[in-house]
Amino acid sequence: FPGRDGRPLTGHAIYAEPLDRLDPLGPVKQIGDDDEGFSCVDDVARVALVYLEQFEKTRNPQWAEKAELAVRFCLNLEDGKGHFYNFVEKDGRVNTDGPTSKPGLNWWSARAFWALSRAQRVLPDSPLQNEISASRQRTLERLEEAQAVQEAPPQLRAAYAETGIRPGGLVDHSGSITSIFALALLESPDTRNSPLLREYCDSMARLEVPQQHPLLGGLHLNSLSDRSTVHLYGNHQVQALAQAGAQLGRQDWIDSARREADVYPRMLASHQLPFAYSPAP
């Protein structure tokens with residue numbers, strides 16, 4: 001479909017279902033969403049990460065080619081300020097108004113930034129490198145602006161005070177979104193040891209629920225807006241803390257990651273890994 005710059009783009013449908021339900025591994029039909037769109041940065045950025053990982057492991061050029069197509073899709077949805085629109089229709093129309101598509105420091109911008117950061121490292125000879133570098137720099141500027149915030153929203157002041165996290169220490173008050181940005185920062189030597197990354201990891205470690213909690217002890221809260229529930233969907237805090245701790249020599253971050261990982265066998269033995277975990281009904 002046509003991109004915003006007029007050049008054709010390759011995306012990925014957000015859903016698919018088998019043409020023959022008795023043959024689930026056979027041909028599939030691509031499906032979009034009537035309200036949101038047909039393809040989105042949130043998903044295509046994750047596809048790009050898979051392709052880039054495959055290319056890094058195999059050096060097979062087909063994976064580099066597929067990764068570049070996915071990266072171009074993400075670049076096309078940037079708003080010029082380091083944020084990303086999310087959804088696009090089959091005809092190339094960008095969903096600029098939907099709540100799951102508006103630009104900001106949110107899930108889809110975090111995943112796009114991660115994909116671009118990995119592409120910058122893994123595809124150094126790509127003709128997209130200048131665009132990737134410029135886009136990453138704009139997002140970094142937005143992250144630094146957000147980190148400089150000194151005051152928490154009134155409804156979250158108590159949560160920030162009680163956890164000891166500084167306002168600005170989490171992206172969108174979310175450990176999960178922060179963890180994706182942290183993993184992106186770890187991809188690049190120029191941001192791997194940045195104050196931004198260090199504060200993100202310190203803040204995520206402070207989201208760990210105390211061990212004495214009967215159900216949630218050791219897990220990391222998804223967001224300061226809900227401190228009674230741990231959401232595991234999209235939550236990369238264990239991965240981010242473990243990788244950052246290993247690369248930067250911070251045993252406290254590794255220990256925080258391990259304490260959550262040690263809970264998973266208990267979950268799997270009892271009721272598998274849930275979408276969310278809470279003492280509430």
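Side chains included, hydrogens not; waters and symmetry mates left out as well; all remaining heavy atoms used.
Residues passing the salt bridge (Lys or Arg N to Asp or Glu O under 4.0 Å) test with Glu151, sequence neighbours excluded: Arg157. Partners of Arg266 by side-chain contact (heavy atoms from CB on, under 4.5 Å), not counting sequence neighbours, listed by chain and number: Val263. For Asp23, the side-chain contact (heavy atoms from CB on, under 4.5 Å) criterion is met by Asp20, Pro27, not counting sequence neighbours. For Asp252, the salt bridge (Lys or Arg N to Asp or Glu O under 4.0 Å) partners at least two apart in sequence or on another chain are Arg250. Partners of His236 by side-chain contact (heavy atoms from CB on, under 4.5 Å), not counting sequence neighbours, listed by chain and number: Trp114, Ser179, Ile180, Leu183, Gln239. Not counting sequence neighbours, the partners of Tyr51 by the side-chain contact (heavy atoms from CB on, under 4.5 Å) test are His12, Val47, Trp63, Lys66, Ala67.
Considering Leu69, Val88, Asn76 as possible partners of Leu9, the one that fulfils the side-chain contact (heavy atoms from CB on, under 4.5 Å) test is Asn76.
Using a cut-off of 4.0 Å between Lys/Arg side-chain N and Asp/Glu carboxylate O, Asp255 and Arg258 are scored as salt-bridged. A salt bridge links Glu56 with Arg121; the closest basic N to acidic carboxylate O contact falls under 4.0 Å. Ion pairing between a basic and an acidic side chain is recognised when a charged N comes within 4.0 Å of a carboxylate O; Arg93 and Asp91 show such pairing. By the 4.0 Å N-to-carboxylate-O rule, Glu68 lies too far from Arg72 to be salt-bridged with it. Taking a cutoff of 4.0 Å between a charged side-chain nitrogen and a carboxylate oxygen, Glu141 and Arg138 do not qualify as a salt bridge.
Judged by distance alone, the side chains of Ser223 and Asp226 never bring a donor and an acceptor atom under 3.5 Å apart. Asp202 and Trp253 are linked by a side-chain donor-acceptor pair at a separation below 3.5 angstrom, with hydrogens and angles left out of the test.
Residues Ile132 and Val71 form a side-chain contact, since some pair of their non-hydrogen atoms from C-beta on lies under 4.5 Å apart. Under the 4.5 Å side-chain criterion, counting only non-hydrogen atoms from C-beta, Phe1 is not in contact with Lys90. In this structure the side chain of Phe84 reaches within 4.5 angstrom of the side chain of Leu116, judged on heavy atoms.
A perpendicular orientation is assigned to the rings of His173 and Tyr160, their planes being inclined by more than 60° (bins at 30° and 60°).
Remark: Asp262 CG is packed, more than 12 non-hydrogen atoms of other residues, nucleotides or ligands lying under 6.0 Å away.
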